[in-house]
Amino acid sequence: MLRKGIALAALGLALVGGPALAAGGHQEIHPQSWSFDGPFGKFDTAQLQRGYKVYREVCAACHSMNLVYFRNLGQPGGPFYDPKYKNPNDNPYVKALAADIQVNDIDSETGDVIQRPAIPADKFPSPFPNDAAAAASNGGAVPPDLSVITKARTGGPDYIYSLLVGYKTPPAGLKIGPGQNYNAAMPGDLSAFWSGDHKKVPPGGFLAMPPQLAPDKVTFDDGTKSTVEQQAKDVTAFLAWAAEPKQIERKSFGFGAMIYLLIFTVLLYFSYRRVWRNVAH
Amino acid sequence: MSGHSTYEPKTGVERWLDTRLPIVRFMYDTALDFPTPKNLNYWWTFGGILALMLGIQLVTGIVLAMHYVPHVDHAFASVERIMRDVNYGWLIRYMHANGASMFFLAVYLHMFRGLYYGSYKAPREVLWILGCVIYLAMMATAFIGYVLPWGQMSFHGAVVITNLIGALPIVGEPITTLLWGGPAVDNPTLNRFFSLHYLLPFVIAGVVILHIWALHVPGNNNPTGVNVKSKADTVPFHPYYTVKDGFAIAVFLLLYAAFVFYNPNVLGHADNYIPANPLVTPAHIVPEWYFLPFYAILRAVPDKLGGVLLMFGAIGVMFVLPWLDTSKVRSMRYRPTARLYFFIFAFFCLVLGYCGGQLPDDPVLGSPSGLKLLDADINSFVWLSRVATVYYFAYFLVILPILGLTEKPLPVPESISEPVLSHPATTPAGAVASPEKRG
């Protein structure tokens, strides 16, 4: 009986030990080193500012960020935080950035729908009035909201960056449908569209969004060279901030909490040893 | 064992209260003076850890409910608003979300401890069954709670699980309609789930009180499984176990804090940060990690009703466990054969959890052209789940009943103090042995 048990356990181990092969396609992800990585990571303010510019000038044409307000840009840890203005609604730079954008409102006198410059308390406006309009303008696919996009995709910022730089010349033998674009980082399985060697199915998948970033498409105010990689990296950092604006506060708070708990644990351990010193157990 | 009270009211107020509502006496007897076996190891600290986790979930949950909006159009955004605009909302929400995982981690260790040391055997059957009731209520609460943020996994998880109940004959459909509050998972479902998610934790708290009551009548089991014989076998709960549990709680909190502060989303699924969309189904619907073993059992059966029954059966069988195990010896420390089968059981539970997170038809081992049997590919997670499921049920229904009659257990010590003082070589291998050697 005992031997049978051991044999069963060994069989189980052997079954689990083997590496699992993904059935479908694979993705080309380029892991990046981010300033906000790790327990002591912090956002790079200049990078967040560049990233906001990329979002505003490129992404915002189609992608909403419904959970983000202009005031968030001026809050502690945000791209345009100024310690002189504790209340981000007073931050003149944030006010100016908001005023560049028109938002819908209702005239309180007449009830008419009007447009007015945004104030810091406004949300980032959506580029489309509704999902149907968004789909109609984008070949049937609704551009996803980017508020929490780095949390909403497996791979997080590394995936977003890889997707933005993942538009490659499709390998010969790959059949691409109308309104589709090949991207090496997109999840999917291309076996069905691939006429070459079935063991060498190209990585990635198709998506409706064509490549958006191009060299010098955005002019960075701080003189940073505007390559596709730079734009991709900066806008991803901005999106990572937008997805979790409190993450730096979380990590620094956490450091204190861990130290406190560690001291508490050591004290309790020695109290335990002392209380139990005369009990055989 | 709870015996007569040694409480003596010291002040006038206490004396006055003691003759009217002896609540101070009750607290003193149950939390301070309660005689506890002196040989409890660290596997016994999870009771205290679980009580703390329930408290944390209740407190954080009540605060979250002050800010959450149970409406399909606002739920997702209200949860993110908690993360962004509520003071320390990120802390409260991450404590609650990761707290659920830590709660389950602790409850699983607590249950495996009970299984190993035979804590379910007479006279603790009711204690064990109440524990099973708490576990069931925890599962319901956790599942419903995961639906509340109304992300993609919330919505589609709710659709899959509520549809399972619909597979039950006769009662299935009315129950599903009651859960949905309409023809499909929609706003009424979210509303009633929020209500139930607020209700169930208090039900759990109530059963926990019964669980502690049922513990304090026969008293704690202990690693030897031998009954307490004399006062020499016990120490008062306070300060001995308050300090030992306190230390274990602090270590547990360190692990919990590491998740909350440094990797708060690692135990969740990225898809749940996408607002629910009934028209788009995620590529791969998986429940939270703590449900994966049961999800694997569900999918191991090709028939839907069969899968549902087996999944509930996997929990149901634990309710009758006290009468399935025929051995008179409680602790597996003195049952070497049973011990081996127990470790295989624990191993297969982990295998089931792993299988639950994989696609059923994916190959387990490298080459997909695996072993064929009756036209089925044996080299797949669904078949591995089947093997593990068979063992899971065999452990309860075949191995434990037969083993208790056929095995020859090792000699059991006369009393708790005997092995404590002589430290025999009968301590089990690995982590179970080491904690009490220190101390």
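Chain identifiers are assigned alphabetically (A, B, ...) following the order of the sequence lines, protein sequences preceding nucleic acid strands; residue numbering begins at 1 within each chain. The figures here come from the full heavy-atom set of this structure, side chains too, leaving out hydrogens, waters and symmetry mates.
- Interface check for chain A: of the options Tyr88(B), Phe261(B), Tyr94(B), Phe76(B), the most heavy-atom pairs under 4.5 Å are formed by Phe261(B).
- Remark: Lys244(B) qualifies as a cation-pi partner of Tyr42(B) under the 6.0 Å distance and 45° angle criteria applied to the six-membered ring.
- Here Arg250(A) is the residue among Arg250(A), Arg277(A), Glu244(A) with the most heavy-atom pairs under 4.5 Å with chain B.
- Contact record, Gln152(B) with Val280(B): NE2-O, 2.8 Å, taken as the closest heavy-atom pair.
- Note on Asp85(B), Ile249(B), Leu350(B): by heavy-atom pairs under 4.5 Å with chain A, the leading option is Asp85(B).
- Of the atoms belonging to Val251(B), heavy atoms from both backbone and side chain fall under 4.5 Å from chain A.
- Of the listed residues (Asn72(A), Val68(A), Leu268(A)), the one with the most heavy-atom contacts under 4.5 Å to chain B is Leu268(A).
- Ring-plane geometry between Phe80(A) and Tyr52(A) is classed as perpendicular, the angle between the planes exceeding 60 degrees on a 0 to 90 degree scale with a lower cut at 30.
- Of all heavy-atom pairs spanning Phe36(A) and Ala240(A), the tightest one is CZ-CB, 3.5 Å.
- Looking at heavy atoms from C-beta onward, Phe247(B) lies out of side-chain contact with Val243(B) at the 4.5 angstrom threshold.
- Using modelled atom types and a 3.5 Å distance limit, the side chains of Asp245(B) and Thr45(B) yield no donor-acceptor pair.
- Side chain to side chain, Ser64(A) and Asp145(A) meet the donor-acceptor criterion of an N or O pair below 3.5 Å.
- Here Pro264(B) is the residue among Gly268(B), Pro264(B), Ala283(B), Cys355(B) with the most heavy-atom pairs under 4.5 Å with chain A.
- At a threshold of 4.5 Å between non-hydrogen side-chain atoms, the residues Tyr391(B) and Phe347(B) do not count as touching.
- Between Phe43(A) and Tyr81(A) the shortest side-chain heavy-atom distance does not fall below 4.5 Å.
- When heavy atoms are compared at a cutoff of 4.5 Å, Arg71(A) approaches chain B solely by way of its side chain, counted from C-beta outward.
- Looking at Gln75(A), there are no atoms closer than 4.5 Å to chain B (heavy atoms on both sides), in backbone or side chain.
- Residues Leu403(B) and Thr337(B) have side chains in contact (heavy-atom distance under 4.5 Å, counting atoms from C-beta outward).
- For Pro39(A), the parts lying near chain B are the backbone and the side chain together; criterion is any non-hydrogen pair under 4.5 Å.
- Contact residues of residues 122-130 of chain A toward chain B are absent (heavy-atom distance under 4.5 Å).
- Taking the six-membered ring where tryptophan is involved, the planes of Tyr392(B) and Phe345(B) are tilted, since the angle between them lies from 30° to 60°.
- Residue contact with chain A, scored on non-hydrogen atoms closer than 4.5 Å, involves the backbone and the side chain of Ile274(B) alike.
- Side-chain polar atoms of Trp44(B) and Asn222(B) form no donor-acceptor pair below 3.5 angstrom.
- The candidate from Gly155(A), Ala242(A), Ser252(A), Pro187(A) with the greatest count of non-hydrogen atom pairs under 4.5 Å with chain B is Ala242(A).
- When Val148(A), Thr154(A), Asn66(A) are compared by the number of non-hydrogen pairs under 4.5 Å with chain B, Val148(A) comes out ahead.
- Looking at Leu267(A), there are no atoms closer than 4.5 Å to chain B (heavy atoms on both sides), in backbone or side chain.
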